[in-house]
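Here the structure is laid out as structure tokens; the discussion comes afterwards.
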Amino acid sequence: MNRRLDALTPGATAAEIVGATVRPEIQALTKYAVAKAPGMIKLDAMESPFPLPESVRAKVAAAAAGVPVNRYPDGGADALKSALVRAFEIPATANVILGNGSDELIQLITMSLARPGAAMVAPEPSFEMYRMNALFAGMRYAGVTLRGDFALDADAMEAAIVRERPALVYLAYPNNPTGNLFATAAMERVLRAAPGLVVVDEAYHVFADASFLPRLSEFPNLLVLRTVSKIGMAGLRLGYAVAAPEWIAEFDKVRQPYNLNAMTQAIAPVLLSERDLLAGWAAKLKVERARLEAELAGMRGVTVFPTRTNFVLARVPDAPGWFEALRGAGILVKNRHGVHPLLEHCLRITVGTPDENDALLAALPR
């Protein structure tokens with residue numbers, strides 16, 4: 001019984017009705033903020049900094065021109081699934097589900113496993129949407145703090161798994177916002193200890209040179225989650241999950257029909273076929289990542305943490321001050337100070353083009 005709803009009187013205001021009906025834990029939240037950055041150098045969201053070459057833009061335009069926008073898209077997105085299977089050598093024994101970004105897949109996976117009393121376990125600090133989706137779905141959440149060097153604490157993870165018996169574990173591989181790749185042995189311990197599903201989130205796999213995708217057949221409780229947002233297609237909002245057919249069949253029941261728009265289904269296969277272009281972009285970013293790490297590490301008072309992503313996490317003398325100084329210079333990065341004690345005075349910096357990285361380095365306080 002909702003006593004607040006019963007107490008409403010005729011003529012109640014919208015605020016009063018909202019207060020009586022919306023879950024208290026939702027009312028207590030702050031909306032996820034996406035920074036506006038018109039005219040700025042954007043180094044805050046791990047996007048690819050490279051525009052499409054004109055020849056590829058023409059192919060994209062031709063594909064988009066042929067889309068019948070008066071019709072619903074293919075509900076199964078079968079052609080796009082086939083393109084992803086070819087591009088990323090997805091095992092034939094596994095099945096694939098697509099989402100409007102990997103965010104949608106995190107939401108529907110969490111919702112599917114949120115039985116009454118079910119728990120989620122995830123390391124912290126990590127991608128904050130794991131914890132948020134546990135709250136949205138009414139799932140009990142148990143965060144496990146990383147070690148001081150951001151390594152996965154396998155002992156603590158196993159203890160949490162024994163205590164919570166989670167239906168769902170999330171492991172970002174590499175981890176965001178720390179950038180590091182957890183030790184394979186620690187990942188294996190979690191996979192073997194977990195009674196439920198373990199989602200290995202490989203959003204940055206093209207920069208990591210490591211993946212659990214080839215090991216799906218070893219672990220029946222493994223799902224590999226990915227996105228194309230980091231490799232030059234953030235605007236298409238396309239994520240995909242790969243797991244045993246039994247998992248995908250259940251999650252597909254929760255997926256909204258027509259969740260992938262027709263433009264994404266038409267354009268993504270065109271870009272996925274440009275393998276040399278995508279590989280070249282990733283290679284360039286790895287070179288720039290190494291340069292950025294070296295330059296930052298040479299600055300007084302700056303600690304740079306190992307990264308296998310397209311961003312660099314650095315602890316600086318005054319993260320809020322440096323963030324504002326960079327914003328004043330027209331450069332947007334992500335201030336992680338205050339998010340978690342392990343991220344004290346940390347900035348997360350997306351690797352940009354050589355010119356963008358030069359501008360960043362020139363604008364940093366000395």
Side-chain angles (χ1 to χ4, degrees), residues 46 84 88-91 94 96-97 99 101-103 105-106 109-110 120-131 133-134 142-147 149-158 160-161 166 168-194 196-231 239-244 247 282 285-286 289 305-313 336 340 342-343 348 350-351:
M46 291 85 75
L84 286 163
F88 298 111
E89 300 179 351
I90 294 172
V96 182
I97 185 171
S102 58
D103 290 324
L105 295 172
I106 292 170
I109 290 167
T110 304
M120 175 196 296
V121 168
E124 290 187 338
S126 192
F127 186 39
E128 60 195 287
M129 293 312 295
Y130 305 149
R131 177 179 56 81
N133 274 278
V144 179
T145 303
L146 297 174
R147 297 187 183 276
D149 61 354
F150 299 141
L152 186 66
D153 190 334
D155 290 339
M157 287 292 292
E158 282 192 345
I161 287 168
L168 181 57
V169 176
Y170 279 103
L171 295 170
Y173 185 78
N175 190 44
N176 170 24
T178 60
N180 58 313
L181 199 66
F182 297 145
T184 302
M187 298 281 290
E188 291 170 343
R189 284 179 61 182
V190 173
L191 278 160
R192 293 191 176 104
L197 182 67
V198 178
V199 175
V200 175
D201 187 346
E202 296 188 347
Y204 305 93
H205 70 100
V206 297
F207 309 105
D209 301 316
S211 173
F212 272 80
L213 189 64
R215 304 187 64 181
L216 280 169
S217 61
E218 283 184 58
F219 302 101
N221 62 336
L222 170 62
L223 179 146
V224 173
L225 177 67
R226 290 179 173 178
T227 176
V228 300
S229 293
K230 317 307 177 187
I231 62 173
Y240 61 103
V242 188
W247 286 113
L285 288 175
K286 288 178 185 178
R289 179 182 71 190
F305 299 97
T307 179
R308 297 283 288 274
T309 65
N310 65 339
F311 64 82
V312 175
L313 185 75
R336 298 285 77 192
H340 189 279
L342 288 179
L343 299 174
R348 190 189 67 196
T350 302
V351 180

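Note that these values count all heavy atoms, side chains included, but never hydrogens, waters or copies made by symmetry.
Judged purely by atom type and a 3.5 angstrom limit, Asn310 has no side-chain atom pairing as donor or acceptor with the backbone of Leu285.
By the 4.5 Å heavy-atom criterion applied to side chains, Phe182 and Asn175 are counted as neighbours. Residues Val199 and Tyr130 are not in side-chain contact: their nearest non-hydrogen atoms beyond the backbone lie 4.5 Å or more apart. At a threshold of 4.5 Å between non-hydrogen side-chain atoms, the residues Lys286 and Val351 do not count as touching. Residues Arg348 and Met46 form a side-chain contact, since some pair of their non-hydrogen atoms from C-beta on lies under 4.5 Å apart. Taking 4.5 Å as the limit, every side-chain heavy atom of Lys230 sits out of range of all side-chain heavy atoms of Val206. By the 4.5 Å heavy-atom criterion applied to side chains, His340 and Thr178 are not counted as neighbours. By the 4.5 Å heavy-atom criterion applied to side chains, Asp201 and Tyr173 are not counted as neighbours. Met157 is listed as a side-chain neighbour of Leu171, based on a closest heavy-atom distance under 4.5 Å.
Residue Val190 forms a side chain to side chain contact (heavy atoms under 4.5 Å, CB included) with just one option from Val121, Val144, Ile161, and that option is Ile161. Just one residue in the list Val198, Val96, Leu216 forms a side chain to side chain contact (heavy atoms under 4.5 Å, CB included) with Val224, and that residue is Leu216.
The two residues Arg215 and Leu222 come nearest to each other via the heavy atoms O-CD2, 4.0 Å. The two residues Leu105 and Ala241 have their closest heavy-atom pair at CD1-N, 3.8 Å. Closest approach of Leu343 and Leu313 over heavy atoms only: CD2-CD2, 3.9 Å. A pairwise comparison of heavy atoms in Ala94 and Val242 identifies CB-CG1, 3.5 Å as the closest pair.
Applying the side-chain contact (heavy atoms from CB on, under 4.5 Å) rule to Ala243 yields the partners Leu223, Trp247, Ile248; only residues at least two apart in sequence or on another chain are considered. Under the salt bridge (charged side-chain N to carboxylate O under 4.0 Å, His left out) criterion, Arg226 pairs with Glu202, not counting sequence neighbours. Partners of Thr309 according to the side-chain contact (heavy atoms from CB on, under 4.5 Å) rule, which considers only residues two or more places apart in sequence or in another chain, are Pro174, Tyr204, Thr307, Phe311. For Asn133, the side-chain contact (heavy atoms from CB on, under 4.5 Å) criterion is met by Ile106, Gln107, Thr110, Met129, Phe136, not counting sequence neighbours.
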Requested in this report: Go through the steps for Phe305 and Asn180 under the test side chain to side chain contact (heavy atoms under 4.5 Å, CB included), then give the verdict.
Outcome: CA-CA 8 Å; Phe305 299 97; Asn180 58 313; over 6 Å; no
Report task. Apply the test side chain to side chain contact (heavy atoms under 4.5 Å, CB included) to residues Glu124 and Leu342: give CA-CA distance (whole Å), side-chain angles for both, the deciding distance (0.1 Å), then the verdict. Result -> CA-CA 9 Å; Glu124 290 187 338; Leu342 288 179; over 6 Å; no
**Report entry** CA sep, side-chain torsions, deciding dist, call: Leu146, Leu152, side chain to side chain contact (heavy atoms under 4.5 Å, CB included)
**Finding:** CA-CA 5 Å; Leu146 297 174; Leu152 186 66; 4.2 Å; yes
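For residues 168-181, the set of pairs meeting the salt bridge (Lys or Arg N to Asp or Glu O under 4.0 Å) definition, not counting sequence neighbours, is empty. The stretch residues 171-180 participates, sequence neighbours left out, in no salt bridge (Lys or Arg N to Asp or Glu O under 4.0 Å) pair at all.
Note: Leu191 CG to Asn221 CG = 5.5 Å, rounded to the nearest 0.5 Å. Residue Met120 holds its CE atom at 9.5 Å from CD1 of Ile109, rounded to the nearest 0.5 Å.
Aromatic pair Tyr170/Phe127: centroids not less than 6.0 angstrom apart.
Taking the six-membered ring where the residue is Trp, Phe212 and Phe219 present tilted rings, their angle falling between 30° and 60°.
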